[in-house]
Protein chains: 2
Amino acid sequence: MQQRRERERSQREALIVSAARAMAEADGWPSVTVRKLAERIEYSQPVLYSHFAGRGAIIDAVALQGFVEIAEALRLARTSAAPGTELEAVARAYLDFAAANPALFEAMFTLAEGLPFGPDAPASLKAGFDELHAVFAPLAGEEDDPEALTETGWAAVHGLTALDRGGRLRPDLRAERLAILVRRFTGR
Amino acid sequence: MQQRRERERSQREALIVSAARAMAEADGWPSVTVRKLAERIEYSQPVLYSHFAGRGAIIDAVALQGFVEIAEALRLARTSAAPGTELEAVARAYLDFAAANPALFEAMFTLAEGLPFGPDAPASLKAGFDELHAVFAPLAGEEDDPEALTETGWAAVHGLTALDRGGRLRPDLRAERLAILVRRFTGR
DNA sequence: CTCGAATTTCTAGCGCTGCTAGAATAACGA
DNA sequence: TCGTTATTCTAGCAGCGCTAGAAATTCGAG
């Protein structure tokens with residue numbers, strides 16, 4: 001009884017999130033309006049507000065999905081890489097993920113505002129960082145704090161996606177940038 | 001006659017840009033509306049549209065100002081650094097600039113959409129990159145393309161600002177991240 | 001100095017946005 | 001079967017970017 005209603009409700013919530021994501025990936029986030037979203041899922045606008053506090057919360061939900069997925073992608077890349085090539089594999093997976101899901105990435109890193117990062121972040125938000133940590137920490141020299149090294153390495157990879165998105169980097173140097181990044185963080 | 005009118009016109013245009021920047025830095029870009037901007041400069045809305053194609057073009061103008069200023073800041077840091085410490089000085093200047101002008105930085109790297117980057121970018125947009133190039137190129141090893149190294153180094157520094165802005169990095173590791181970045185790109 | 005022409009500025013409004021109060025409808029238990 | 005509760009919808013508010021057309025101003029010729 002009650003359970004079926006709750007199940008249907010969470011199904012509808014997932015439908016909203018996936019519809020928002022699809023629309024954003026197709027036409028960009030500005031064209032993801034509550035009206036169009038409501039029309040797409042064939043409910044009225046107030047139904048959306050019974051699931052989410054507002055448009056921003058829907059974007060946050062999409063972003064959360066993105067963090068789960070990128071963690072999976074990084075994990076797969078790391079665990080299936082030949083020994084010694086983990087960094088290259090994970091960095092490439094990160095860049096590929098960003099290129100394949102630009103709107104999702106935008107939600108994760110420039111639009112999301114209500115996600116609980118920081119020390120008390122939930123596991124699903126930390127999982128991606130953990131994958132990076134697994135790759136960078138072994139590369140830490142005696143002077144390097146592994147945590148700070150991971151953050152710095154993350155920034156290097158993420159910076160490439162951020163600058164690339166704005167058309168600030170030369171397309172012909174794409175492979176070379178990755179090679180340099182790997183060399184700099186593995187010490188050749 | 002004609003000259004005075006043009007001068008006054010460009011003064012008003014500068015006023016619009018500086019007002020937009022100040023409002024964004026004070027309350028964030030979403031609260032920089034054309035209406036409020038018009039009220040602030042004590043003209044009606046259509047006057048703004050006689051200077052700029054739309055709200056986005058105003059943001060672009062602010063961003064352009066930012067690129068000029070960051071180039072100056074990086075140049076100052078580089079030329080006044082002790083020999084061998086240029087990278088650290090420039091990287092720190094970049095991070096400080098981003099921290100001191102968050103809304104300006106947002107305009108430059110996430111909001112600007114009509115700025116002519118790429119191969120044919122004007123000198124004012126390239127000046128900042130040139131400063132980075134002056135710092136990174138000398139650090140290129142035999143295998144490194146200097147251009148690609150500069151882009152990769154830029155990404156590393158920029159990534160720190162991007163992740164920091166979203167509260168994704170541990171505040172207590174700030175100095176350590178910069179130290180690691182410098183070590184990785186200078187080869188200790 | 002006067003007056004028509006050209007330019008500049010303003011008023012008013014369009015279609016859209018996120019969001020919500022209150023009415024209508026549907027589902028439920030007694 | 002009927003009252004209660006929960007759900008959904010209709011309709012509308014205030015604010016947004018932007019613009020057409022009216023009003024005001026400035027200008028040069030007579």
Side-chain angles (χ1 to χ4, degrees), chain A residues 1-17 19-24 26-63 103 106-107 110-115, chain B residues 1-17 19-24 26-63 103 106-107 110-115:
Chain A
M1 297 298 159
Q2 197 73 3
Q3 285 188 333
R4 192 200 57 190
R5 295 191 70 76
E6 284 177 20
R7 195 172 58 240
E8 288 175 348
R9 220 186 127 71
S10 75
Q11 278 181 11
R12 191 172 62 180
E13 192 161 310
L15 178 65
I16 294 171
V17 173
R21 176 174 175 177
M23 288 170 61
D27 304 313
W29 279 108
S31 83
V32 180
T33 70
V34 179
R35 274 177 175 78
K36 284 196 255 179
L37 207 39
E39 190 176 6
R40 169 131 170 186
I41 67 167
E42 297 183 302
Y43 281 96
S44 65
Q45 296 185 54
V47 167
L48 300 191
Y49 289 92
S50 77
H51 286 274
F52 299 96
R55 181 179 184 269
I58 298 176
I59 296 176
D60 288 352
V62 173
E106 193 180 350
T110 77
L111 264 26
E113 291 192 328
L115 255 32
Chain B
M1 297 296 162
Q2 198 74 2
Q3 286 188 333
R4 193 201 55 192
R5 295 190 69 76
E6 285 177 19
R7 196 172 58 239
E8 288 175 348
R9 222 187 125 72
S10 76
Q11 277 181 10
R12 192 173 61 181
E13 191 160 310
L15 179 64
I16 294 170
V17 174
R21 176 174 174 177
M23 286 170 62
D27 304 313
W29 279 109
S31 82
V32 180
T33 70
V34 179
R35 275 177 174 80
K36 283 196 255 180
L37 207 38
E39 190 176 7
R40 170 132 169 184
I41 66 167
E42 297 183 303
Y43 282 97
S44 65
Q45 296 185 54
V47 168
L48 300 191
Y49 288 93
S50 77
H51 286 274
F52 299 96
R55 181 179 185 268
I58 298 175
I59 296 176
D60 289 352
V62 173
E106 192 181 351
T110 75
L111 263 26
E113 291 191 329
L115 255 31

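In what follows, chains are A, B, ... by sequence order, proteins preceding strands, each numbered from 1. Since this is a predicted model, take the numbers as computed values, not measurements.
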Task: Close approaches to DNA chain D from residues 26-36 of chain A, in residue order (heavy atom, under 4.0 Å) - done: A/Arg35

TODO: Within residues 37-47 of chain A, find the residues that approach DNA chain D with a heavy atom at under 4.0 Å, and present them sorted by residue number.
DONE: A/Tyr43, A/Ser44, A/Pro46, A/Val47

Open item on the list: From CZ of B/Arg12 over to C1' of C/dC10, roughly how many Å is that when rounded to an integer?
Closed with: 12 Å

- [ ] Please report the shortest heavy-atom distance between A/Ala63 and A/Leu115, naming the atom on each side.
- [x] CB-CD2, 3.8 Å

Task: Residue pairs passing the side-chain hydrogen bond (donor to acceptor under 3.5 Å, both in side chains) test where at least one lies in residues 42-59 of chain B, sequence neighbours excluded - done: B/Arg12-B/His51, B/Glu13-B/His51

TODO: Please tell me if the side chains of B/Val34 and B/Ile58 come closer than 4.5 Å, counting only heavy atoms from C-beta onward.
DONE: no

Task: For the student: nearest non-hydrogen atoms of B/Val32 and B/Ala20, plus distance - done: CG2-O, 3.9 Å

Open item on the list: Once side-chain contact (heavy atoms from CB on, under 4.5 Å) is applied, do any residues pair with A/Leu111, and if so which ones, sequence neighbours excluded?
Closed with: A/Trp29, A/Ile59, A/Glu106

Task: Partners meeting side chain to side chain donor-acceptor pair (under 3.5 Å) with B/Glu113 (sequence neighbours left out) - done: none

Open item on the list: Which heavy atom of A/Val62 sits nearest to which heavy atom of A/Ala107, and what is that distance?
Closed with: CG1-CB, 4.4 Å

Open item on the list: Within the 4.5 Å heavy-atom criterion, are A/Ser31 and A/Lys36 side-chain neighbours or not?
Closed with: yes

Task: Interface with DNA chain D, restricted to residues 48-60 of chain B and to heavy atoms under 4.0 Å - done: B/Tyr49, B/Gly54, B/Arg55

Task: Min side-chain heavy-atom separation B/Val17-B/Phe52 under 4.5 Å - done: yes

Open item on the list: Please find the pair of heavy atoms, one from A/Ile41 and one from A/Ala19, that lie closest to each other, and give the distance.
Closed with: CG2-CB, 4.1 Å

